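Side chains included, hydrogens not; waters and symmetry mates left out as well; all remaining heavy atoms used. Owing to the predicted nature of the structure, the values given are computational and were not obtained by experimental measurement. The residues of the chain are indexed from 1 along the displayed sequence.
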Amino acid sequence: MATKINEQVATAREHEVIVMRVRRRMTFRDIAAALDLNVKTVHETWVRGMRRWAQAAAEERDAEIGRQLATLEALLDGLMPKAITGDARAAEVIIKALDRHARLLGLDAPVKVDAKLTDALTAEVEALAAEIAERAAR
């Protein structure tokens with residue numbers, strides 16, 4: 001029982017430090033002074049709290065991905081017989097569902113973008129910007 005109480009106190013302290021740091025933008029030194037702790041303890045509390053929040057966020061994300069995957073599986077199970085018999089709309093929806101499935105699982109390779117900006121393009125962008133500024137000044 002004492003361990004559970006200690007964990008609750010630690011969790012509350014972590015939350016307090018995170019709120020002071022993030023919402024109030026306080027330094028670790030200021031937080032330490034406000035809570036009558038040393039700076040090292042405040043920093044360690046911050047790190048523990050952030051790890052706990054990150055782990056909770058990851059668990060929520062994983063649970064949401066699981067829910068979405070289950071929905072997609074149900075959709076695929078229901079539409080597959082229609083697609084097999086030639087229903088084009090069912091086939092389109094299945095393709096979209098499979099695309100979403102792949103994105104959720106990170107199966108697709110990242111899209112490569114060639115974003116080279118040449119001198120000619122730079123000059124054209126600058127000319128357009130000047131034209132827009134000139135029109136806005138009128």
*Asks:* Between the main-chain N or O of Glu7 and the side-chain N or O of Thr11, is there a donor-acceptor pair closer than 3.5 Å?
*Replies:* yes
*Asks:* Do Ile95 and Leu107 share a hydrophobic cluster, counting only Ile, Leu, Val, Met, Phe, Trp and Tyr and linking them when any side-chain heavy atoms are less than 4.5 Å apart?
*Replies:* no
*Asks:* Restricting to non-hydrogen atoms, name the atom on Val17 and the atom on Ile31 that form the minimum distance, rounded to 0.1 Å.
*Replies:* O-CD1, 4.0 Å
*Asks:* Do Lys96 and Glu92 sit within salt-bridge range, that is, some charged N less than 4.0 Å from a carboxylate O?
*Replies:* no
*Asks:* Can you tell me how far CG of Asn38 sits from OG1 of Thr41, rounded to the nearest 0.5 angstrom?
*Replies:* 3.5 Å
*Asks:* Could you tell me whether the side chain of Arg100 reaches within less than 4.5 Å of the side chain of Gln68, counting heavy atoms only?
*Replies:* yes
*Asks:* How long is the straight-line distance from CD of Glu73 back to NE2 of His101, given to the nearest 0.5 Å?
*Replies:* 4.5 Å
*Asks:* Indicate, with yes or no, if Leu79 and Ile84 share a hydrophobic cluster defined by side-chain heavy-atom contacts under 4.5 Å among Ile, Leu, Val, Met, Phe, Trp and Tyr.
*Replies:* yes
*Asks:* Which heavy atom of Arg67 sits nearest to which heavy atom of Glu60, and what is that distance?
*Replies:* NH2-O, 4.4 Å
*Asks:* Taking all atoms of both residues into account, what is the closest heavy-atom pair of Val42 and Ala32, and its distance?
*Replies:* CG2-CA, 3.5 Å
*Asks:* For the CG atom of Leu75 and the CE atom of Met80, what is their distance to the nearest 0.5 Å?
*Replies:* 9.5 Å
*Asks:* Which atom pair, heavy atoms only, marks the closest approach of Ala83 to Ala90?
*Replies:* N-CB, 3.9 Å
*Asks:* Determine, stepwise, if the pair Arg13 / Leu37 fulfils side chain to side chain contact (heavy atoms under 4.5 Å, CB included).
*Replies:* CA-CA 11 Å; Arg13 175 60 54 89; Leu37 298 170; 3.1 Å; yes
*Asks:* In terms of relative ring orientation, are Phe28 and His43 parallel, tilted or perpendicular, with 30° and 60° separating the classes?
*Replies:* perpendicular
*Asks:* So which of Arg21, Glu16, His15 actually passes side-chain contact (heavy atoms from CB on, under 4.5 Å) with Val19?
*Replies:* His15
*Asks:* Regarding Thr3 and Asn6, do their side chains bring together a donor and an acceptor under 3.5 Å, going by distance alone?
*Replies:* no
*Asks:* Test side chain to side chain contact (heavy atoms under 4.5 Å, CB included) on Arg61 and Glu64; report intermediate values, then the result.
*Replies:* CA-CA 5 Å; Arg61 182 200 67 231; Glu64 180 58 27; 5.8 Å; no
*Asks:* Less than 4.5 Å apart, any side-chain heavy atom of Met20 and any of Leu35?
*Replies:* yes
*Asks:* Identify the residue among Arg51, Glu59, Arg52 that makes a side-chain hydrogen bond (donor to acceptor under 3.5 Å, both in side chains) with Gln55.
*Replies:* Glu59
*Asks:* If every non-hydrogen atom of Arg25 is compared with every non-hydrogen atom of Val22, which pair is closest and at what distance?
*Replies:* CD-O, 3.2 Å
*Asks:* Report the C-alpha separation of Leu104 and Leu72 in whole Å, then their side-chain angles, then the decisive distance to 0.1 Å, and conclude whether the side chain to side chain contact (heavy atoms under 4.5 Å, CB included) test is met.
*Replies:* CA-CA 11 Å; Leu104 279 170; Leu72 290 169; 3.9 Å; yes
*Asks:* Go through the steps for Ile18 and Arg23 under the test side chain to side chain contact (heavy atoms under 4.5 Å, CB included), then give the verdict.
*Replies:* CA-CA 8 Å; Ile18 289 170; Arg23 291 189 187 151; over 6 Å; no
